[in-house]
There are 2 protein chains.
Amino acid sequence: MKEKELRRTLAVLPIGTVIKLTDLTARQIRYYEEQGLVTPKRNKGNQRMYSLNDVDRLLEIKDYLADGMNIAGIKYVYQQQQADQQAQKQRPVTDDDVRRILHDELLAAGGLDHHDQRASLYHQNPKK
Amino acid sequence: MKEKELRRTLAVLPIGTVIKLTDLTARQIRYYEEQGLVTPKRNKGNQRMYSLNDVDRLLEIKDYLADGMNIAGIKYVYQQQQADQQAQKQRPVTDDDVRRILHDELLAAGGLDHHDQRASLYHQNPKK
DNA sequence: AAACAAATGTGAGAAAAGCTGACATAAATC
DNA sequence: GATTTATGTCAGCTTTTCTCACATTTGTTT
């Protein structure tokens with residue numbers, strides 16, 4: 001997984017932050033979770049921790065609802081997407097895939113901005 | 001400012017998250033702030049909120065300290081960097097700069113992954 | 001219209017996390 | 001051996017988050 005994606009999946013945002021970022025209420029956010037639309041991690045104290053991807057997901061949900069779709073509909077959309085992804089995994093790799101993957105790898109290799117090798121968010125050092 | 005940079009400057013991480021990310025103690029993090037090495041924002045409840053850039057800064061500080069540098073030294077380094085940036089601002093724009101800027105802009109224009117135009121993390125909608 | 005379901009509001013009581021300020025301590029430096 | 005530097009620890013208080021329950025609103029169904 002590329003470092004940018006990693007950063008987007010890090011569950012580091014408490015619900016208060018998500019409230020500000022999405023302009024949803026805590027009640028709404030927890031309700032959408034109850035409905036299985038988002039699944040935040042929990043910290044040691046059992047508090048919900050969200051990733052940037054979760055925030056995007058919540059903004060999407062907000063949009064869908066504003067469009068008149070109901071939660072059952074949204075649930076269906078996400079189930080469908082997941083099914084698509086599963087199917088994708090079965091599909092054999094084409095030449096075109098190879099080219100695209102190679103291209104992505106090159107971008108990733110050149111795009112890092114770590115300050116040095118000793119300590120980094122994404123590659124933890126062994127404890128001393 | 002490009003959206004990636006924007007994301008890195010968003011002060012959304014409470015100290016508990018930063019502790020996990022940096023493996024520093026709360027005491028250390030607050031002490032470095034006391035020494036002017038980081039300046040987290042505060043939320044409405046007066047709690048410190050850190051950005052990803054702040055986290056990088058803290059990891060840097062950790063490295064410097066591990067290298068035997070003391071806080072006065074680190075302070076000096078950051079003052080120096082800030083002075084450099086100030087000087088940079090005075091300098092006129094060269095042809096090379098223009099090329100680099102144009103290149104960055106193009107990358108940014110093609111690299112966005114917003115789901116749609118209505119709601120987004122980085123361009124808030126007007127309240128209804 | 002009455003009843004129902006969906007989505008959200010609201011409040012209580014408890015737990016977790018964060019704050020400041022003070023004092024303690026280990027290691028390095030004078 | 002006295003100071004300074006960097007960090008640990010504790011106490012008392014505030015803020016945030018948790019779950020659970022009940023209320024309200026709006027659109028749909030009998």
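All values reported here derive from a predicted model rather than from experimental measurement. In what follows, chains are A, B, ... by sequence order, proteins preceding strands, each numbered from 1.
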Checklist line | Passing option when B/P40 is tested against B/R30, B/E33, B/Q47 for side-chain contact (heavy atoms from CB on, under 4.5 Å) | finding: B/E33

Margin query: Reading DNA chain C from 5' onward, which residue's closest nucleotide shows up sooner: A/K44 or A/A72?
Written below: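 Nearer the 5' end of the strand: A/A72.
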
Checklist line | Whichever of A/N46 and B/R30 has its nearest DNA chain C nucleotide further upstream toward 5' | finding: A/N46

Where the side chain of [X] is concerned, which of [options] is the nearest nucleotide?
{"X": "A/I71", "options": "C/dT20, C/dA7, D/dT16", "value": "C/dA7"}
{"X": "B/I15", "options": "C/dT8, C/dG18, D/dT17", "value": "C/dG18"}
{"X": "A/T25", "options": "C/dT20, C/dG9, C/dG18", "value": "C/dG9"}

Check: Would you say a side-chain N or O of A/R27 is under 4.0 Å from OP1 or OP2 of D/dT17?
Finding: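 A/R27 to D/dT17 OP1/OP2: no side-chain N or O under 4.0 Å.
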
Notebook entry, point to check: According to a strict under-4.0 Å criterion, is B/Y31 in side-chain N/O contact with OP1 or OP2 of D/dT5?
Noted result: no

Roughly, in whole Å, what's the span from [atom1] in [X] to [atom2] in [N]?
{"X": "A/N70", "N": "D/dT28", "atom1": "CG", "atom2": "P", "answer": "10 Å"}
{"X": "A/M49", "N": "C/dA16", "atom1": "CE", "atom2": "C1'", "answer": "12 Å"}
{"X": "B/Y50", "N": "C/dG18", "atom1": "OH", "atom2": "P", "answer": "10 Å"}
{"X": "B/I29", "N": "C/dT20", "atom1": "CD1", "atom2": "P", "answer": "13 Å"}
{"X": "A/E33", "N": "C/dT8", "atom1": "CD", "atom2": "P", "answer": "15 Å"}
{"X": "A/M69", "N": "C/dA6", "atom1": "CE", "atom2": "C1'", "answer": "16 Å"}
{"X": "B/N43", "N": "D/dT15", "atom1": "CG", "atom2": "C1'", "answer": "8 Å"}
{"X": "B/Q28", "N": "D/dG8", "atom1": "CD", "atom2": "C1'", "answer": "10 Å"}

Next item on the list: Identify whether the distance between the nearest side-chain nitrogen and carboxylate oxygen of B/R8 and B/D56 falls below 4.0 Å.
Entry: yes

Next item on the list: Examine B/R57 relative to B/Y32 and say whether NZ or CZ is less than 6.0 Å from the centre of the six-membered ring and inside a 45° cone about the ring axis.
Entry: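 That pair does not qualify as a cation-pi contact.
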
Notebook entry, point to check: Any side-chain donor paired with an acceptor under 3.5 Å for A/Y76 and A/Q81?
Noted result: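 Distance-only check fails for A/Y76 and A/Q81.
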
Note to self: Give me the atom names and distance for the closest heavy-atom approach of A/L59 to A/T22.
What the structure shows: CD2-CA, 3.9 Å

